[in-house]
Each structure stands twice: as C-alpha cells, then as structure tokens.
Amino acid sequence: TIFTANKILDNIDGVNNAGITWNSMVLTKNQIKAEALGMRAFNHMLILENFSPKYSANALGCVYMKTAQDITFGTPSRDNMQTSYQNVLADLNAALALNPSNTYNKYISRDALNAMKAQVYLAMGDYPNAIAAADLAIGAKQLKGATVSYDTTTGAPLMVNNLTPV
C-alpha cells in the first residue's frame, strides 16, 4: 500500500486533467493526493505500532518511504521514532490541507485523518494534541446508539444509556 501511495504521489502532478469521475462522484487531484498521503501515513503508523517499541524519541522507528523509488535503492536506514512520527504527522497535515470536507464513506475523510492524528499523538504521549485532534475527529457527533442524560442545572453528562455514570 505504501508503494502504491508513493507511485500516485510521484506521478499525480504530471496528470493533465483536474480529476476523475468514478461511481458518479468527482474526485479532484487534491482529493486523490490527500487519499494517498493519508494511506501512506496510516500504513507507516501501523508499522511503527507493530514493529517498534513504545515511543521513545531516540529509539529506532521505521524507514519512512517517501517515494516509490526508495524501494529500489538498496537498504535505506531507519529513522529514530521522533522523525518517523513527525513524518506521519506531516503526511496527515498535508492530507488535511488538501482534503475537502467530504462525507463519502469510501474515502479518507477529515474526521478519519484527525482520528489518525489523535492516535499518533497518543502514541507519542502528547496528550493535549491527542485530545485536540480527537475533538476535531468527533466534533459534535454522538456515538450511534448512545443516549446521554444531562444534569438540567449544569448541563454536565450524568449517564450514558441510562446505565453507566459518567
């Protein structure tokens, strides 16, 4: 998936048309680029979570493949974890800058990108940024099926599904 995302990112600027129509939806070059950046970031994040130790800035992270050609030139060196996670965040931020507020469930939405950012910040132990990114991902949405009871005086949540105290 990283290789495919990089092939798209390496070549999309050379595409002459403004986008494509697929299943009656118009995808712009920016949306396609945002998708590829999001997928590259997500897959590197999975590699870091599954094959690296708990976050420590100077510990070995992963090789961050930024072009499709990276795979053909020998064995690239591994970055430290701080650089690896910063590369993931850079891709997510670039994807957010390009990604319109789409509501298509088939594509990486702004909410999904912000949820990924929250997960990265959480892994890094940067809790204030994790909360901020999670708040952007969740927004004013309520979990499906959840019913929340509120204190009529303060407006504070009291119970979820009338079972669990908050």
Side-chain angles (χ1 to χ4, degrees), residues 1-55 57 60-72 76 78-146 148:
T1 305
I2 293 170
F3 178 77
T4 304
N6 282 334
K7 278 300 253 189
I8 292 167
L9 292 168
D10 290 349
N11 295 293
I12 196 161
D13 290 331
V15 175
N16 292 330
N17 64 357
I20 62 168
T21 302
W22 184 73
N23 283 354
S24 74
M25 291 177 278
V26 177
L27 298 175
T28 67
K29 282 172 62 171
N30 281 349
Q31 286 174 298
I32 295 166
K33 197 171 186 176
E35 289 279 322
L37 286 163
M39 288 308 299
R40 181 170 74 183
F42 177 70
N43 283 283
H44 280 99
M45 183 177 72
L46 289 176
I47 290 169
L48 286 164
E49 287 178 351
N50 290 296
F51 299 106
S52 294
K54 185 178 176 192
Y55 182 81
L60 283 177
C62 70
V63 174
Y64 206 88
M65 308 295 272
K66 292 185 179 181
T67 69
Q69 293 179 352
D70 285 347
I71 202 167
T72 61
R78 290 171 65 182
D79 293 322
N80 65 30
M81 291 187 89
Q82 181 175 6
T83 301
S84 296
Y85 277 95
Q86 290 304 322
N87 285 328
V88 170
L89 289 170
D91 276 353
L92 291 172
N93 287 329
L96 280 163
L98 295 169
N99 196 339
S101 300
N102 69 44
T103 57
Y104 301 130
N105 289 335
K106 298 177 185 175
Y107 305 107
I108 296 177
S109 66
R110 296 183 68 76
D111 294 340
L113 292 167
N114 280 312
M116 284 187 251
K117 277 181 68 172
Q119 190 172 353
V120 170
Y121 283 127
L122 186 63
M124 293 174 72
D126 186 346
Y127 303 117
N129 279 324
I131 291 168
D135 283 344
L136 288 171
I138 296 167
K141 298 176 200 74
Q142 186 175 5
L143 297 175
K144 288 185 178 180
V148 181

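Heads up: numbering here begins at 1 and tracks the sequence.
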Could you work out, with side chain to side chain donor-acceptor pair (under 3.5 Å) as the rule, every residue matching [X], not counting sequence neighbours?
X: Gln82; answer: none
X: Asp79; answer: none
X: Thr1; answer: none

Report yes if the side chains of [X] and [Y] come closer than 4.5 Å at any heavy-atom pair, otherwise no.
X: Leu37; Y: Arg40; answer: yes
X: Tyr121; Y: Ile131; answer: no
X: Ile108; Y: Met116; answer: yes

Approximate separation, where rounding is to 0.5 Å, of [X] [atom1] and [Y] [atom2]:
X: Arg78; Y: Cys62; atom1: CZ; atom2: SG; result: 8.0 Å
X: Met124; Y: Leu122; atom1: CE; atom2: CG; result: 11.5 Å
X: Leu60; Y: Leu48; atom1: CG; atom2: CG; result: 11.0 Å
X: Leu113; Y: Leu136; atom1: CG; atom2: CG; result: 11.5 Å
X: Phe42; Y: Ile2; atom1: CZ; atom2: CD1; result: 11.0 Å
X: Leu92; Y: Gln119; atom1: CG; atom2: CD; result: 10.0 Å

Nearest heavy atoms of [X] and [Y], plus distance in Å:
X: Ser84; Y: Gly61; answer: OG-CA, 3.6 Å
X: Ala133; Y: Ala118; answer: CB-N, 3.6 Å
X: Ala115; Y: Ala137; answer: N-CB, 3.6 Å

Next on the checklist: Could you tell me if Asn129 and Lys117 have a donor-acceptor pair between their side chains, going purely by distance under 3.5 Å?
Outcome noted: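 Not at all, the side chains of Lys117 and Asn129 share no donor-acceptor pair under 3.5 Å.
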Next on the checklist: Between Asp13 and Lys33, does any NZ, NE, NH1 or NH2 come within less than 4.0 Å of an OD or OE carboxylate oxygen?
Outcome noted: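 The answer is yes: the pair qualifies as a salt bridge.
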Checklist entry - Sub-3.5 Å donor-acceptor pair from the side chain of His44 to the main-chain atoms of Met39, do we have one? => result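 No, because the side chain of His44 does not come within donor-acceptor range (under 3.5 Å) of the backbone of Met39.
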Next on the checklist: Checking side chain to side chain donor-acceptor pair (under 3.5 Å) between Lys66 and each of Asp10, Asn6, Asp91, Asn87, which is the one that passes?
Outcome noted: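 That would be Asn87; it is the only one of Asp10, Asn6, Asp91, Asn87 passing the side chain to side chain donor-acceptor pair (under 3.5 Å) with Lys66.
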Item to check | Centroid separation Tyr85 to Tyr55 less than 6.0 Å | outcome: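 Close enough - the centres of the two rings lie under 6.0 Å apart.
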Checklist entry - Between Val88 and Tyr64, does a side-chain contact (heavy atoms from CB on, under 4.5 Å) hold up when you go through it step by step? => result CA-CA 9 Å; Val88 170; Tyr64 206 88; 3.6 Å; yes
